[in-house]
Chemist: 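First the structure, which I've put down as structure tokens, then a few questions once you've had a look.
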Amino acid sequence: QNTKIKVGALRFTSHSGSFVAKDRGYFADAGLDVELEFFQAAQPMAVAIASGDIDYAVTAISGGLISLAQKGAIKVIGGALIEEEGIDGQQILASDAAYQAGVTSPAMLDGKAYGVTQTGSSFHYVGDKIAQAEGISMSFKPLQKVGAVIGAIKSGQIDAWNIVPHIAKPLAGSGAVHIIGAVQDYLPGYQTTTVFTSTDNAENQRDKTEAFLAGFSKGVTDYNSTMIDMADGEAGVDEMVKLIHQYVYADRPFEKAKPSIVNGTMRINEGAKLNMASVQDQLEWFKAGDYVDQGVTIEDLVNTSYVETMS
Amino acid sequence: MDIRLENISHSYDDFEVMRDITLDIPDGRIVCIVGPSGCGKSTLLRFIGGLERPSQGRVVQVGNPPEGCLNPLTYIFQDFALLPWRSVEGNISLVLEDHGIKGARARAIIDDVLARTKLSDFAKALPKQLSGGMKQRVAIARALAVKPAVMLMDEPLSALDSQTRELLMDDLVSLWTRQPFTAVYVTHNLAEAVRLGHRIVVLSRRPGQIREIVELDTPLGEREYGDPELERQQKHLWQLMRDEARAADAELINV
Amino acid sequence: MDIRLENISHSYDDFEVMRDITLDIPDGRIVCIVGPSGCGKSTLLRFIGGLERPSQGRVVQVGNPPEGCLNPLTYIFQDFALLPWRSVEGNISLVLEDHGIKGARARAIIDDVLARTKLSDFAKALPKQLSGGMKQRVAIARALAVKPAVMLMDEPLSALDSQTRELLMDDLVSLWTRQPFTAVYVTHNLAEAVRLGHRIVVLSRRPGQIREIVELDTPLGEREYGDPELERQQKHLWQLMRDEARAADAELINV
Amino acid sequence: MSDATLDTIPATKAKPEDGTARPVSFRGGGFAPKPRRWVGLVVFLVLIAIAEWGTRAGWISALTLPKPSDVLQTFQELYASGLLFKHLGPSLSRLAVGAALGVSLGVSVGILIGLFSYIRAGMVPLVAALFPIPKIALLPLFVIWFGIGEGSKYALIAFGTFTPTVVATYGAVDNVDRTLIRMGQSFGLSWFSIVRKIVLPGAMPGILSGLRISLAIAIILLVAAEMLGAEYGIGAYILQAGSLYDLERLFAGVVILSVLGVLVSGAIAIIERRLLGWRT
Amino acid sequence: MSDATLDTIPATKAKPEDGTARPVSFRGGGFAPKPRRWVGLVVFLVLIAIAEWGTRAGWISALTLPKPSDVLQTFQELYASGLLFKHLGPSLSRLAVGAALGVSLGVSVGILIGLFSYIRAGMVPLVAALFPIPKIALLPLFVIWFGIGEGSKYALIAFGTFTPTVVATYGAVDNVDRTLIRMGQSFGLSWFSIVRKIVLPGAMPGILSGLRISLAIAIILLVAAEMLGAEYGIGAYILQAGSLYDLERLFAGVVILSVLGVLVSGAIAIIERRLLGWRT
Ligand SMILES: Nc1ncnc2c1ncn2[C@@H]1O[C@H](COP(=O)(O)OP(=O)(O)OP(=O)(O)O)[C@@H](O)[C@H]1O
Ligand SMILES: Nc1ncnc2c1ncn2[C@@H]1O[C@H](COP(=O)(O)OP(=O)(O)OP(=O)(O)O)[C@@H](O)[C@H]1O
Ligand SMILES: [Mg+2]
Ligand SMILES: [Mg+2]
């Protein structure tokens, strides 16, 4: 009898690791009976891990996540999406108005408005890092919902934003916004998303957690090799897109969904490797901004005993 | 100014309310209309005041309203129809404002009508502070303020208890004796009719038709509480109406 | 069963409503209580029915209620107090249900009281379909259903128009003649008092005190609409009350 | 119609010659709007036509409003794919369970508040303090308190419908005609009989009209509730469309909620006609 | 108090010997809750004390509820740092402007609906369809329509208060005593005089009681409005606290909104007492 677990996911391409592992039976092979729980936003996913409603999930590091980790509720156990040179990562966008006014690279964003979902969100982190690197200052507009940010940048009410490629590319294609840079130029090796679980799972249920990571990693490997390394050619891509289409853009016809899914391709860390340097940097940034308690340590946040770390 | 009703009939959709009513309301007299519930008394009064139009027939006014008359056909309602958010004087000034009468002129009129209705001490009171009898006095004062040619009264006393009713009848009689006014007075109450009416029109049950017109010759001032001649008239009217009233009362209302 | 009121006084906080009222209500007679507005008539009736407690004095019942009496002291209210969501028979069965009377026994009682109040055809009607007079008849039927020892009536006819009032007075008289009941009948209306009362208690203006008790010996069945002797009594009562009524009417109400 | 009175000539204005007879002038009518059913439909059609025209002609930008015809097509696709019912099913059951919980609890508490002094004194300020709390602010807490399953969705909707129902119910109990209650007491009815046979039916009109508002709020809260880990559901569908700035789907979802609201309000009207036929 | 009647003995039960005199038994009272002011305060204090005890003793986990004392401390810090007013200022001005817009528009439209048949027929279904639309679902659109500045915040609050105000207002106009209007006509008052002097004051009680609901909704919508690019504001403060899962600040913010709601409702009560002193 397989152990029943629940895995949280968003209907985004970046969660393909879990989709593939479930669909191709890798979780089952690892002795897990996985049920996917879908969320509309990343933040409730962290809370749901804390409340014990789900066991594992993948999301960006946010103030809320660190807060919950400090309360002893959750732990990061591995890495997922990462910015890697040579592969399309998160794009920096400028609104058409700003672009026409001469903002053609992030360096020209001085004094401009940068869209974020919340103060102390990962967007804020990225924007602030860009500003620091360029030695400029920007104002950050909290708009809560990705949709609201899209609306704001399309109508030129904010000047810039960063977002994953599967959203960035079609937006740029429509001509309403322009890509003016890539996040990886500023934050090489940025650990965009991490795998995390409850402290109880991480500390007391080692077998289960290892089994999950094993299954998940297999899914990630499949995904990377098919979509990025093109190991199985176009046919392989088609098959993979079909698999993902069951979970993402399910209500659109396949033809419409495919470009979006392909556009969204980003590398996910093999073996859920975790870039500790990036995590450490993010934690320091949150502390510096006073978005989280000053007493949080990297040990509160991460359990490094599961996966290989890089630094 | 006289009022003449010419062959008035009326139906609401298919619901016949009154049939062929012809009636004269001579200047300076009080005409009482009595009849069982639902026979169309209030409707008839609305026709006279121009608030509604009959299906057939017409209401005409013969002659001109007297000098200074602001609103020839003026109502006094059963439920007083005072604006609860205005004081006694505010309620009276309401009907003057639209005629451009303000300030000292309005003041003079208001003081005059309040004095005539013995309300001078209550000018600043709100309706909620007044008993029913006082409220109806305010309504009468308001009607007097526009110097009406004809007063149209729809059961003006029936919301009052019977003692207050007696008091107000006395007041109406003394108002009329000092300065006769024309009035159409709708009531259920035969005692009121014989006390105040120069002419009493008895309507039949719905569809309302004129059954009888009784003329009373005793001058208003001489009619007294419990006058035997009036009692006799009242008894006669009650015999006319009794069975119709019973039948009207036992009718189911469609709602 | 007699009722005796012993030295009843009452104040609401510092507001004195009545003072030292002592009164006997003998079995089988109708006692009318008249008095100007606000003199405490309704309050007194609430004391008799046990719905409120006087500050001083007490109400006692002397002797036992008759056999089969479900609710010795039974009210009939001015505004009928029918449940609008129950039909005529539902309103009557309401007061039987709590005594465990259901099914055929209830049916028999309901049919009996409806017949006595001439309502048999209206058993299924809702209150909204009935005229005021019919509604009060239903309330009377409901009161009869519990075989009361004493009926407590608070201006039962004052919400009705005067023609319906006449009709219902006749009905009450015929009910009483067939089977005499004890009643305390509060009213403003002196005509009602002299028509229905064996004993008429006149209260003064607030604080209510007994001013006079008038005994009427004419049997109820022989009192007629417009009876000269009754008119005389009525006139006498009116003279007693007139000034007090006027003063009571002109009082400002504190709200 | 109020419109009709504008042309009325006051009776005083005209001054005919002495002795002549002239009809009394009409000055009544108005201030009583009459139903004109088709106008509502026409307004909707005109608005939609304008939107269609504007989006087609381009003077309404595609960013501002989707083409109504595209929304319709999205709706058809949603229906054809069977997803419509997959979304509608969970939403309706959440609405039903959540609203049933909130309303039944609200009615009970409202009646207790209406009847007992101490409960009133204790609960009324509490309800007043709970009312202005935005439910979306509490979302993170709801996850901890009730989990991400159906529990938290029911709880959110129940919480949102609870407060307005309480307020409407105790208002309705306060408005029950006291003479009816005195009547019940005067016939020696027991306390429970009075509550069951007089207070409850008497408060029913007020409770039902409160239900209109509560249920509208329940529909509004559906979106907030489905922020919490909902896979299917109209709210989840709208949120997802919003996060992708997919206006066609956003509008299709909003139209569904709107229709749902109109249907619920119609259903209450029917219940009112059934249950409250005794009202004049 | 309703509580008092439970011990009443029906008058029929006791059967004294023949000829004896005994007092009539009392069976009235009750069903009229009396104010007991201090109870509300006690309930609040007890609830807070329990929360404090539980969080200190540990049987309420820190994830579930913050310590009330910590919330108080957060609040003090907020006050001491001057940030309280930095947050309160923009929120209050958004509330004021948004609610003023929505309410004044709502009252105007409501009155037009109350007076004119065609406007009624056209607008009522529209309002009914707008009511159940959740404002948060429209956030992305509001960004396009009204920008991310103050405009969209005003618009969202205005939109949220508009519909309930319209419904309350035309209900109130419908309930204005028609005999008063007929009275106005019978004295030859002009249409505008009737509307201004009779319809408007007569509808005022209904409009004000609708305002209670509208303003509570405005406060609730503050959080939604401040989702749109607000740096300061109680709503923004709550949202940020929520996303950082900082329960102390979340509760501090919620308490502020709750107090705001109670204050607004108190203010309306005062206005009612002033303006509607004429009611019995
Ligand atoms: N606007 C209306 N539409 C339809 N029917 C009406 C309307 N107004 C009155 N009626 C009906 O017309 C009949 C006569 O009404 P009206 O009010 O004139 O009677 P009434 O003699 O004044 O009765 P009451 O003595 O009860 O005041 C009644 O049956 C009433 O139901
Ligand atoms: N519950 C109460 N609290 C305070 N005052 C009251 C209460 N009930 C009655 N009153 C006052 O007591 C006085 C007597 O009231 P009651 O209703 O008994 O008079 P009434 O003689 O029946 O008057 P009416 O003829 O107008 O019916 C009135 O002034 C009234 O305002
Ligand atoms: Mg009438
Ligand atoms: Mg009374």
Side-chain angles (χ1 to χ4, degrees), chain D residues 1-3 5-6 10-12 27-28 31 33-37 39-40 43-44 63-64 114-118 120-122 124-126 128-129 131-134 136-140 144-145 178 181-182 185 188 191 216 219-220 222-224 238 242 245 250 253-254 257-258 260-262 265, chain E residues 1-3 5-6 10-12 27-28 31 33-37 39-40 43-44 63-64 114-118 120-122 124-126 128-129 131-134 136-140 144-145 178 181-182 185 188 191 216 219-220 222-224 238 242 245 250 253-254 257-258 260-262 265:
Chain D
M1 274 197 326
S2 181
D3 337 27
T5 50
L6 287 165
T12 37
R27 51 185 173 167
F31 297 99
K34 295 185 202 76
R36 306 233 179 283
R37 294 197 175 277
V39 176
V43 167
F44 274 107
L63 266 183
T64 318
L115 292 179
F116 297 101
S117 299
Y118 282 91
R120 161 168 306 220
V124 169
L126 208 60
F131 204 15
I133 294 179
I136 31 169
L138 299 183
L139 282 185
I144 298 282
W145 291 348
R178 295 296 123 165
I181 291 176
R182 300 282 163 250
Q185 293 182 324
W191 188 86
I219 292 175
I220 289 175
L222 200 56
V223 173
I238 290 178
Y245 208 82
L250 182 66
V254 164
L257 286 189
S258 177
L260 208 60
V262 172
S265 144
Chain E
M1 277 197 326
S2 182
D3 336 27
T5 49
L6 287 166
T12 37
R27 50 185 174 168
F31 297 99
K34 294 184 202 79
R36 307 231 178 284
R37 293 196 178 280
V39 176
V43 168
F44 274 108
L63 273 180
T64 317
L115 292 179
F116 297 100
S117 299
Y118 282 91
R120 159 166 309 217
V124 169
L126 208 61
F131 203 18
I133 295 179
I136 32 172
L138 298 182
L139 283 186
I144 299 280
W145 291 349
R178 296 295 123 166
I181 291 175
R182 300 281 163 249
Q185 293 181 324
W191 187 87
I219 292 174
I220 290 176
L222 200 55
V223 172
I238 289 177
Y245 207 78
L250 181 64
V254 164
L257 286 190
S258 176
L260 208 59
V262 171
S265 145

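Quick note on labels: first sequence line is chain A, next is B, and so on, each numbered from 1.
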Chemist: Select, from L126(E), L257(E), V124(E), the one with the greatest count of heavy-atom pairs under 4.5 Å involving chain D.
Modeler: L126(E)
Chemist: Is F131(D) in contact with chain E via its backbone, its side chain, both, or neither, using a 4.5 Å heavy-atom distance?
Modeler: both
Chemist: In terms of heavy-atom pairs under 4.5 Å, which option from A121(E), S258(E), G261(E) contacts chain D the most?
Modeler: A121(E)
Chemist: Tell me, out of S265(E), A128(E), A137(E), A216(E), who's got the most heavy-atom pairs with chain D below 4.5 Å.
Modeler: A137(E)
Chemist: Which pair of non-hydrogen atoms, one from P125(D) and one from R120(D), has the smallest distance, and what is that distance?
Modeler: CD-O, 4.0 Å
Chemist: With chain D, which of I133(E), I238(E), I219(E) has the greatest number of heavy-atom pairs at distances under 4.5 Å?
Modeler: I133(E)
Chemist: Might you point out which heavy atoms bring G114(E) and P33(D) nearest each other, and give the distance in Å?
Modeler: O-CG, 3.1 Å
Chemist: S117(E) and R36(D): which non-hydrogen atoms are nearest, and at how many Å?
Modeler: CB-NE, 4.1 Å
Chemist: Rounded to the nearest 0.5 Å, how far does CD1 of I136(E) lie from CD1 of I220(D)?
Modeler: 9.5 Å
Chemist: Considering only heavy atoms, which portion of L139(D) lies under 4.5 Å from any heavy atom of chain E: side chain, backbone, both, or neither?
Modeler: neither
Chemist: Going from OH on Y118(D) to NZ on K34(E), what distance comes out if it is rounded to the nearest 0.5 angstrom?
Modeler: 9.0 Å
Chemist: Do R178(D) and F31(E) meet the cation-pi criteria used here (NZ or CZ under 6.0 Å from the six-membered ring centre, within 45° of the axis)?
Modeler: no
Chemist: Do you know which of V43(E), I144(E), V262(E) has the most heavy-atom pairs under 4.5 Å to chain D?
Modeler: I144(E)
Chemist: Sort V39(D) into side chain, backbone, both or neither according to what part of it lies under 4.5 angstrom from a heavy atom of chain E.
Modeler: both
